[in-house]
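Following: one structure in structure tokens, then a few remarks.
Throughout, protein chains are lettered first and strands after them, A, B, ... in sequence-line order, and every chain is numbered starting at 1.
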2 protein chains.
Amino acid sequence: MTAPLISQTEPELRTEATTDIVGYRLRRAQLSVFQRFNAAFEMLNLRPAEYSVLVLIADNPGRKQTEIAEILGIKRANFVALVTGLETRGLIERQAAPGDRRANALYLTADGVKFLDEARAIQDRFEADCIARLGGVERRDALLRLLDTLC
Amino acid sequence: MTAPLISQTEPELRTEATTDIVGYRLRRAQLSVFQRFNAAFEMLNLRPAEYSVLVLIADNPGRKQTEIAEILGIKRANFVALVTGLETRGLIERQAAPGDRRANALYLTADGVKFLDEARAIQDRFEADCIARLGGVERRDALLRLLDTLC
DNA sequence: TATTGTTATACTCTATAACTATA
DNA sequence: TATAGTTATAGAGTATAACAATA
């Protein structure tokens, strides 16, 4: 019922004032999910942001770098290295944007399409695991709605 | 009902495949909450991790550096600079730990206690704002439960 | 031998300023 | 003059290895 007055092992720390806080729990959950994501994508050597970029390019071929970066909240200066990395791996291409010679239009390569097929399969399994942990699709949707109110 | 076949402004990007994902929404919500936290604590010049450290020391005076660091998931090597920063500001003290001359026992100073009073007041208002955004304490609790399943 | 605090180091992510070529 | 991409740079946060003092 109550804690023993004298603990024989290490006395527990009082953590409620720090841990019963929305921001703290959000951070811990996000770190945990990203760690599992990185483990799942270790063989593909793909970061969460890189996965998002590939999917966005696949679903919106020919868009400019800045457009893709903006959606993900990545500064265009920091987006350069990310795009260069994916291009060096042969997954995407920078092409001349029609009508604006300053801009790069982004496209998946054939290798990028194949690679993304694998990545999407892994992500689908990963998302299914998240949904299972949450206790079903309804609870996943409830979580997303709650998270949106915090943005 | 449906989108116009020809858009007169910028055609919208398809983002569902990236944005309807637990990890992505978690990251966006966490960044948003931390940005507001940092804005609220700008006048106190206090980071989220620093606030947590002060609260943990206040509620567990005399604990060793490693104990506090472990709870927050901070490597003890990285914890040194954080503790030194708070000590340099006169908010906490490293004292000799009784019974173990290797360890530092952490305590709030008198200034630290006063400072933490202010910080706690700000945090209480901040948490109340989070609860209001979420739509009440029940929904906040529901969110925390859902987040825990992901850890 | 193992642990505490520490230093050094490196890698990621993020933020800003400034340059170039185009618009 | 403004914008797209780029470079350089600096600051957080995080990770590992290694050392001295102590257990």
Legend entry - In one Ile/Leu/Val/Met/Phe/Trp/Tyr side-chain cluster, 4.5 Å: B/I131, B/F126: no
Inset, instruction - Using whole Å, report how far CD of B/Q65 lies from P of D/dA21. - result: 18 Å
Inset, instruction - Would you check if A/R89 and A/L46 make a side-chain contact, meaning some heavy-atom pair closer than 4.5 Å? - result: yes
Inset, instruction - Return the minimal non-hydrogen interatomic distance between A/V22 and B/R140, and the atom names on each side. - result: CG2-CG, 3.6 Å
Legend entry - A/K64 NZ to D/dG5 P, straight-line distance once rounded to whole Å: 7 Å
Legend entry - Integer-rounded Å distance: D/dA4 C1' and A/Q95 CD: 17 Å
Legend entry - Electrostatic pair A/R133-A/D129, nearest N-O below 4.0 angstrom: yes
Inset, instruction - Please examine the side chains of B/T109 and B/I92, heavy atoms only from C-beta on, and report whether any two atoms are closer than 4.5 Å. - result: no
Inset, instruction - Give the rounded distance in Å between these two atoms: CG of A/N104 and P of D/dT7. - result: 11 Å
Inset, instruction - With rounding to the nearest 0.5 Å, note down the distance linking CD in A/Q65 to CG in A/N104. - result: 4.5 Å
Inset, instruction - Measure the distance from CG on B/L82 to P on D/dG13 and round it to the nearest whole Å. - result: 8 Å
Inset, instruction - Round to a whole Å and report the spacing from CD1 of B/I74 to P of D/dA12. - result: 15 Å
Inset, instruction - Please assess B/L86 against B/I57 for the test side chain to side chain contact (heavy atoms under 4.5 Å, CB included), listing each intermediate value before the final yes or no. - result: CA-CA 12 Å; B/L86 294 175; B/I57 296 175; 5.6 Å; no
Inset, instruction - Select from B/P48 and A/D100 the residue whose nearest nucleotide in DNA chain D is closer to the 5' end of that strand. - result: A/D100
Legend entry - Separation between OG1 of B/T149 and CG of A/L134, rounded to the nearest 0.5 Å: 4.0 Å
Legend entry - Those residues of residues 18-40 of chain B lying under 4.0 Å from DNA chain D by at least one heavy atom: none
Under-3.5 Å N/O pairs linking protein and nucleotides 16-18 of chain D:
none

Legend entry - B/R94 and B/L106: CA distance, side-chain angles, deciding distance, side chain to side chain contact (heavy atoms under 4.5 Å, CB included) verdict: CA-CA 5 Å; B/R94 287 189 245 234; B/L106 300 180; 3.8 Å; yes
Legend entry - Joint hydrophobic cluster, B/I74 plus B/V80, side-chain heavy atoms closer than 4.5 Å: no
Legend entry - Check: B/D59 and A/L13 side chains under 4.5 Å, non-hydrogen atoms: no
Legend entry - Start and end of chain A contact along DNA chain C [non-hydrogen atoms, under 4.0 Å]: C/dC13 to C/dA23
Identify every side-chain donor-acceptor pair in residues 26-41 of chain B under 3.5 Å, counting partners at least two apart or on other chains, and give the distances.
{"from": "B/R28", "atom 1": "NH1", "to": "A/I71", "atom 2": "O", "distance (Å)": "3.1"}
{"from": "B/R28", "atom 1": "NH1", "to": "B/Y24", "atom 2": "OH", "distance (Å)": "2.8"}
{"from": "B/S32", "atom 1": "OG", "to": "A/L150", "atom 2": "O", "distance (Å)": "3.2"}
{"from": "B/S32", "atom 1": "OG", "to": "B/R36", "atom 2": "NH1", "distance (Å)": "3.1"}
{"from": "B/R36", "atom 1": "NH1", "to": "A/L150", "atom 2": "O", "distance (Å)": "2.8"}
{"from": "B/R36", "atom 1": "NH2", "to": "A/L150", "atom 2": "O", "distance (Å)": "2.9"}
{"from": "B/N38", "atom 1": "ND2", "to": "B/F34", "atom 2": "O", "distance (Å)": "3.2"}

Inset, instruction - Return the set of residues passing salt bridge (Lys or Arg N to Asp or Glu O under 4.0 Å) with B/R47 (not counting sequence neighbours), or none when no residue passes. - result: none
Legend entry - Cluster overlap B/L72 with B/Y107, hydrophobic side-chain contacts below 4.5 Å: no
Legend entry - Terminal axes of the helix from C/dT1-D/dA23 to C/dA23-D/dT1 (five pairs each): angle between them, nearest 10 degrees: 10°
Inset, instruction - Give a yes/no on whether any side-chain N or O of A/R94 is located under 4.0 angstrom from OP1 or OP2 of D/dT6. - result: yes
Inset, instruction - Report the residue (B/V80 or A/G73) whose heavy-atom-nearest nucleotide on DNA chain C is the more 5′ of the two. - result: B/V80
